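Keep in mind that this is a model prediction, so the values were computed, not measured.
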Amino acid sequence: MSLSYNRHKRLVEIIQANGEVRIRDLMQRFNISEETARRDIKRLEQDGLVARVHGGAVATQQPKLLAISSRAVSERAEKSTIAEIALGLLKPGQNLFFGGGSTILSLASRISALPEMRVVTNMVDTAIAAAEGYRHRVVMLGGDFNVDFRTVTGFTALRTLREQQIDIAFIGVNAVHPNGVFDHEQVGQELAATLCEQARKIVILADHSKFGLSARYRILPHSAITAIITDRRPASDMLDKIEAAGVEVLYPKNRHNPALVST
């Protein structure tokens, strides 16, 4: 059986976003056999997109994140679940930082009816979403604009961030690994280091597909993270390692009811 067009398209998106694919993840995600997953990876290798390694394959080129408009559509249910749990951490009068990414954007789009808060962000779409309803004060960092990620970065953004005192920083990542959280871009590393200095708490928003992956840059060790919010319970070995570092892991007890949270 040949690799279907839709599955091939989705596999390419996963490679572009994560930099790797794993056989067990393909089997679960697409409900296919191990033989079919291996055949898919072989086809991708023939196309020059991956190099096969034990248990899966890695991208042959540096990963590139999907444009924000595309990422906002993918994994929509998972992002909604994570955002609903994150809302439970918000309180009136807080100074918050919302980073870039479609999961953070999903959270920002849900705060318009909440009591007044102050939101600092480096993402244009997040600033617009947080400002809906004219209830919250929104601070947009300056800096170099990245049209693909719709974020601002660089010296000016970091300098402005160092002038802020943040209660909770919400950031998205490309990978949650036993050794920390990772990003494909070095600017994520610089931003996270600054947030470690300025934020009382750092909360990671990451759907289940990010767990067990790695990326080019480790942006934070688990010891620097207060909590990780995800859409389902991570694998036991991964969960044990993260919690051993003192991180609170929040996920729904019932995947159909995000209000029921486990830790």
Practice problem: Sorted by first residue and then second, give each ring pair (Phe, Tyr, Trp, His ring centres under 6.0 Å) pair with at least one member in residues 25-48; sequence neighbours left out. | Solution: none
Self-check item: Nearest atoms (heavy-atom pairs only) where G143 meets T156
Solution: CA-CB, 4.0 Å
Practice problem: Would you name the heavy atoms of A215 and A175 that are closest together and state the gap between them? | Solution: N-CB, 4.2 Å
Practice problem: Enumerate the residue pairs fulfilling ring pair (Phe, Tyr, Trp, His ring centres under 6.0 Å) with a member in residues 99-131, sequence neighbours excluded, ordered by first and then second residue. | Solution: none
Quiz item: Do the side chains of T126 and V138 get nearer than 4.5 Å, heavy atoms only?
Solution: no
Practice problem: Decide yes or no for I32 and D40: does some side-chain heavy atom of the first lie under 4.5 Å from some side-chain heavy atom of the second? | Solution: yes
Exercise. Might you work through the salt bridge (Lys or Arg N to Asp or Glu O under 4.0 Å) test for E34 and R38, ending with a clear yes or no?
Key: CA-CA 6 Å; E34 181 177 349; R38 291 186 182 278; 2.9 Å; yes
Quiz item: Rounded to the nearest 0.5 Å, how far does NZ of K241 lie from CD of E243?
Solution: 13.5 Å
Exercise. Decide whether V187 and Y217 are clustered together by the hydrophobic rule: side chain heavy atoms of Ile, Leu, Val, Met, Phe, Trp, Tyr closer than 4.5 Å, transitively.
Key: no
Quiz item: Of all residues at least two apart in sequence or in a different chain, which pass the ring-ring contact (aromatic ring centres under 6.0 Å, His included) check with F182?
Solution: H177
Quiz item: Only one of I171, N174, L220 forms a side-chain contact (heavy atoms from CB on, under 4.5 Å) with D183, so which one is it?
Solution: N174
Quiz prompt | Sequence-distant partners of R233, side chain to side chain contact (heavy atoms under 4.5 Å, CB included), two or more places apart | solution = S236, L239, Y251
Quiz item: Has D237 got more than 12 heavy atoms of other residues, nucleotides or ligands less than 6.0 Å from its CG?
Solution: yes
Quiz prompt | With sequence neighbours excluded, residues passing side-chain hydrogen bond (donor to acceptor under 3.5 Å, both in side chains) with E132 | solution = none
Quiz item: Is any side-chain heavy atom of L107 closer than 4.5 Å to a side-chain heavy atom of L105?
Solution: no
Quiz item: Would you call L161 and L191 a side-chain contact if the rule is heavy atoms closer than 4.5 Å?
Solution: yes
Quiz item: What's the spacing between D231 CG and E78 CD if we round to 0.5 Å?
Solution: 5.0 Å
Practice problem: Return the set of residues passing side-chain hydrogen bond (donor to acceptor under 3.5 Å, both in side chains) with Q198 (not counting sequence neighbours), or none when no residue passes. | Solution: none
Quiz item: Mind checking what makes side-chain hydrogen bond (donor to acceptor under 3.5 Å, both in side chains) contact with E45, not counting sequence neighbours?
Solution: R52
Self-check item: Smallest separation among heavy atoms of A169 and L195, with atom names
Solution: CB-CD2, 3.9 Å
Self-check item: For L89 against I168, the heavy-atom pair lying closest together
Solution: O-CD1, 3.7 Å
Quiz item: Does any donor atom in the side chain of Q164 or R118 lie under 3.5 Å from an acceptor atom in the other side chain?
Solution: yes
Practice problem: Kindly write out the residues that satisfy side-chain hydrogen bond (donor to acceptor under 3.5 Å, both in side chains) with R22, not counting sequence neighbours, or none if the list is empty. | Solution: none
Practice problem: Could you tell me which non-hydrogen atom of L141 sits nearest to which non-hydrogen atom of A157, and how far apart they are? | Solution: CD1-O, 3.8 Å
Practice problem: Could you please spell out the steps behind the side-chain contact (heavy atoms from CB on, under 4.5 Å) verdict for L26 and I41? | Solution: CA-CA 9 Å; L26 297 185; I41 288 177; 3.9 Å; yes
Quiz item: With hydrophobic residues grouped by side-chain heavy-atom distances under 4.5 Å, do F145 and V120 end up in a single group?
Solution: yes
Self-check item: Spacing of NZ belonging to K79 relative to OG1 belonging to T81, to within rounding of 0.5 Å
Solution: 11.5 Å
Quiz item: Tell me, do P252 and R232 make a side-chain contact under 4.5 Å, heavy atoms counted?
Solution: no
Quiz prompt | Side chain proximity check, L96 to T121, heavy atoms < 4.5 angstrom | solution = no
Quiz item: Among pairs that include at least one residue of residues 85-107, which meet ring pair (Phe, Tyr, Trp, His ring centres under 6.0 Å), considering only residues two or more places apart or in two chains?
Solution: F98-F170
Quiz item: Measuring from M117:CE to L90:CG, what's the distance to the nearest 0.5 Å?
Solution: 5.0 Å
Exercise. Any chance you could measure E116, atom CD, to I111, atom CD1, to the nearest 0.5 Å?
Key: 11.0 Å
Practice problem: Mind running side-chain contact (heavy atoms from CB on, under 4.5 Å) on T151 and V124 for me, showing each step along the way? | Solution: CA-CA 6 Å; T151 57; V124 173; over 6 Å; no
Quiz prompt | Set of side chain to side chain contact (heavy atoms under 4.5 Å, CB included) partners for R110, sequence neighbours left out | solution = S80, A83, E84, L87, S106
Quiz prompt | For the student: nearest non-hydrogen atoms of T230 and D207, plus distance | solution = OG1-C, 3.5 Å
Quiz item: H222: what forms a side chain to side chain contact (heavy atoms under 4.5 Å, CB included) with it, not counting sequence neighbours?
Solution: V176, V181, I225, I228, I242, A245, V247
Quiz item: If you round to the nearest 0.5 Å, how far is OG1 of T194 from CG of L158?
Solution: 4.5 Å
Self-check item: Exam field: side chain Q94 to backbone K91, donor-acceptor pair closer than 3.5 Å
Solution: yes
Quiz item: Can you find a pair of side-chain heavy atoms, one from S209 and one from R29, that are under 4.5 Å apart?
Solution: yes
Quiz prompt | Side chain to side chain, M123 and I104, heavy atoms closer than 4.5 Å | solution = no
Quiz item: salt bridge (Lys or Arg N to Asp or Glu O under 4.0 Å) with R200: which residues, sequence neighbours excluded?
Solution: D167
